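The structure appears right after this line, and notes come after that.
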Amino acid sequence: MTVDHKARKRFGQNFLIDQQIIAQIVSAVGAKAEDNLIEIGPGTAAITEHLVKTCPTMNLLELDRDLVDFLSKKFSDYPGLKITNGDALSTDFSEFYDGRQLRLVGNLPYNISTPLLFHLLTIGHLIKDMHFMLQREVVDRLGASPGNKTYGRLSVMIQYHCRVMPLIPVPPESFRPAPKVQSAVVRLKPHPTKPFIAENEILLSKLVNVCFQQRRKTLRNCLKPYADYLQQLESLIDLSKRPEQLSVSDFVTIANSVHQSMDVKK
Ligand code: SAH
């Protein structure tokens, strides 16, 4: 069955046409029959038609109603495959949890990728892994180490929750229409046990934000809104460092120290 679907810009539609890249993605996912597999934005089923061969009970979540109709017809022979018409950003993914952790796959519209990642990390403990096609620049930021110029808020917050494995670089010609940017597939695996635990994750996120708003300044300067805590932080961390030089564990140390004295003050 073929599809005569005109790509819709407002839905961020860039369909994969490169069979070699598709095969690499399918092999990286390695879907098994017993997996709780969910594809976000299956589109015209470029990846889906391979995934269903080994996991015929997978879930599809697609925003474009026309494509949902197309997919329902295409997969009418798969009684176990479920198609939902919905927006990934407002979907409660915990509803897919049935005792089996979720495995998520998607060639996502690039404008929703960062908010979607943060949305998914709120249920990180229910997720086994994620394979996403993203803008290559975003994948670089996700996996960046301290000192790297792309290291920032996104790197710290994602690495706090997940192991990041950049897998497949993908050029614009692999899609129709071709996007203006380079892409890459990344695997994200939420830590089964977090290596560093922030006692207050909202505070961690606020501190990381404050720091990277002025990444060229010293920590002492960045942390002015937390002036009351600077003295105690001095013994834990070199405040003449810049935020881009700090590891995830350093940020967690700062957040926990501030959190503990906030508790004492209460
Ligand atoms: N996976 C297909 C399609 C990629 S294009 C392929 O690789 O060829 C991105 C897909 O995501 C489109 O099908 C688009 O309609 C869908 N989409 C866009 N925004 C979405 C959202 N918020 N939630 C779910 N699907 C979305």
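Atoms within each ligand, like the ligands themselves, are counted from 1 in listed order. Sequential numbering from 1 along the given sequence is applied to the chain's residues. All values derive from a computational prediction rather than experimental measurement. Side chains included, hydrogens not; waters and symmetry mates left out as well; all remaining heavy atoms used.
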Q. Looking at Glu244 and Lys149, does any basic side-chain N land under 4.0 Å from a carboxylate oxygen?
A. no
Numbering as shown, the atoms of ligand 1 that approach [X] to under 4.0 Å (heavy-atom distance):
X	result
Leu67	13 (O)
Phe15	3 (C), 8 (O)
Gly12	5 (S), 9 (C)
Gly86	23 (N), 24 (C)
Asp64	15 (O)

Is the shortest heavy-atom distance from the side chain of [X] to the side chain of [Y] under 4.5 Å?
X	Y	value
Ile47	Met133	no
Met58	Phe75	no
Ile254	Leu236	no
Ser247	Phe196	no
Leu120	Leu188	no
Val208	Met157	yes
Cys162	Met130	yes

I'd like to know if [X] contacts ligand 1, where contact means a heavy-atom distance under 4.0 Å to any ligand atom.
X	result
Glu39	yes
Thr44	no
Gly106	no

- Decide whether a cation-pi geometry holds between Arg242 and Tyr151; the criteria are a distance under 6.0 Å from NZ or CZ to the six-membered ring centre and an angle within 45° of the ring axis. no
Notebook entry, point to check: Going by distance only, is there an N or O of Asp87 that falls short of 3.5 Å from an N or O of ligand 1?
Noted result: yes
**Message:** Polar contacts were defined as any N/O atom of the residue lying under 3.5 Å from an N/O atom of the ligand; does this apply to Leu16 and ligand 1?
**Reply:** yes
Starting from [atom], find the nearest protein heavy-atom neighbour and note its residue, name and distance.
atom	result
atom 10 (C) of ligand 1	Gly41 O, 3.5 Å
atom 19 (N) of ligand 1	Pro109 CG, 3.4 Å
atom 26 (C) of ligand 1	Leu63 CB, 3.6 Å
atom 6 (C) of ligand 1	Asn107 ND2, 3.5 Å
atom 18 (C) of ligand 1	Phe11 O, 3.0 Å
atom 23 (N) of ligand 1	Ala88 N, 2.9 Å
atom 2 (C) of ligand 1	Pro42 O, 3.3 Å
atom 12 (C) of ligand 1	Gln13 CG, 3.5 Å

So for Ala46 against ligand 1, with non-hydrogen atoms under 4.0 Å, the contacting part is side chain
At under 4.0 Å between heavy atoms, what of Thr91 touches ligand 1? The answer is neither
From the list Lys32, Glu39, His131, side-chain contact (heavy atoms from CB on, under 4.5 Å) with Arg103 holds only for His131
> Is the closest side-chain donor-acceptor distance between Ser183 and Tyr110 under 3.5 Å?
Replying inline: yes
- Check the surroundings of atom CZ in Arg163: do more than 12 heavy atoms from other residues, nucleotides or ligands lie under 6.0 Å from it? no
Closest to atom 14 (C) of ligand 1 (heavy atoms only, candidates Met133, Arg8, Glu62) is Glu62
Q) Would you call the rings of Tyr229 and Tyr226 parallel, tilted or perpendicular if under 30° counts as parallel and over 60° as perpendicular? A) tilted
